[in-house]
Amino acid sequence: MQSEIDPWSGNQNIETDKLFSEFGIERFDDVIDQVKEPAYFFRRKIVVGHRDYKNITDAMAEKKPFNVMTGFMPSGHPHLGHLMVMKEVVWHIKQGGTGYISIADREAHAVRGISWDKCREFGKEYLNCLYALGFEGNTYYQSRNNKLKDLAFECATKINFSDLSAIYGFSQDTALAHAMSVATQVADILYPQTDAGPAPTIVPVGIDQDPHIRLTRDVAYKLRMFLVEEREGYISVRSKNAPSKAMDDVESAFSGCRRYEGHIDIKGASAEEVEAKVREIEIKNGGFGFIAPSSTYHTFLQGLQGGKMSSSIPDSLFRFDEPEKSVKKKVMASLTGGRMTLEEQKKLGGEPEKCSVYLLNLFHMSEKDDEVKEMYRACKAGELMCGTCKKETFERVKEFLSDFNEKMDETEHLIGE
Ligand code: SF4
């Protein structure tokens, strides 16, 4: 049985095959060989899918600029459920990426009715966690970034209400501010490319966020002036909505090209060279030259009590500043994959793939693969009992929280205003 030899096979609590076949998400397995030293969340199949991650592996290998960006909605305190995205962002920064974090206060205010003061307070907590994990880079609050707000307006010219109702279930009663916050989130993802020029941008998200990524990639495409394609032995630059001055610039950039109504055919340059040049020309003519953002998709850590991990179910998770006693109670009361009796457990072994304690270790509490593999093996073999396992896990949680809080104290001064 595969699950006996593959301790990473049990965390996929979603129908990944459907996502790959129906939505065109690609399997992360197909690109992992191109990552020089894959992080544990890649090795353990927590990250299962991607779009255009090859753009990122190429940039990492060739030491070319790339961005990593994500946003956090400051509608409450950061907790265990936010940790995976934070780690993915920090890992990409360590591989050479430029980091961008949006505190999505417009979204928190529009969708959850959180006051601006509270948004600021929660936002600082998210930033503190990120800095404690080693984040370096650019951070902003949506409401205070005028360049982002201008970009959001531009993005909104390419989003209509049928997109919003199909993707987010908008109805006639949905507040207009909610629609504006969607345009702002699209702008968040494209913002790094307006800050430092077009570059691949990786957005690590949970698998449920793919519709938003698709919308953003669609907007990025619609905002391009040109389409570059290979056609009949030529590299053809087609105008999507380019002003004639921009077409003139393309014509003068490539000697010997041939201009027709709406397109220019070029010989003697590769598609990549032409793409790079026309992006420059777009920007010179008031466009953006966006590269469609790349994404990775991770699975979700289930709640400690099983089911969904959510801040509306306090027992499903712990906060980073939660008292030790409360954290201990939650870990010790976690749903396990243990059998009804000790005898059965010894005879049949446990079911780690269903166990919140095992998954907590797999996702966060042990970065040593051998330790997690041994837990899996001993559980399946009926050698490890749930009581002992929970106690050991709580010790790891305690150590993690103590280190993390210490680092948060040390990095608090980096938050600023
Ligand atoms: Fe989960 Fe550990 Fe019990 Fe196995 S022994 S079911 S991993 S708590």
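Counting convention: from 1, in listed order, for ligands and their atoms alike. Residue indices begin at 1 and follow the sequence shown.
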- Query: Are side-chain heavy atoms of Met69 and Ser102 found at a separation under 4.5 Å?
  - Reply: yes
- Message: Does the plane of the ring in Phe170 sit parallel, tilted or perpendicular to the ring in Tyr168? Use 30° and 60° as the thresholds.
- Response: tilted
- Task: Could you check whether the rings of Tyr376 and Tyr358 sit parallel, tilted or perpendicular, using 30° and 60° as the cut-offs?
- Result: tilted
- Candidate list Phe72, Phe135, Tyr131, test ring-ring contact (aromatic ring centres under 6.0 Å, His included), partner Tyr126, passing option: Phe72
- Message: To check you understand the geometry: which heavy-atom pair defines the closest contact between Tyr140 and Asp188, and what is its length?
- Response: OH-OD1, 2.6 Å
- Answer yes if the ring centres of Phe400 and His364 are under 6.0 angstrom apart, and no otherwise. no
- Query: At distances under 2.8 Å, what protein N, O or S atoms surround atom 1 (Fe) of ligand 1?
  - Reply: Cys355 SG
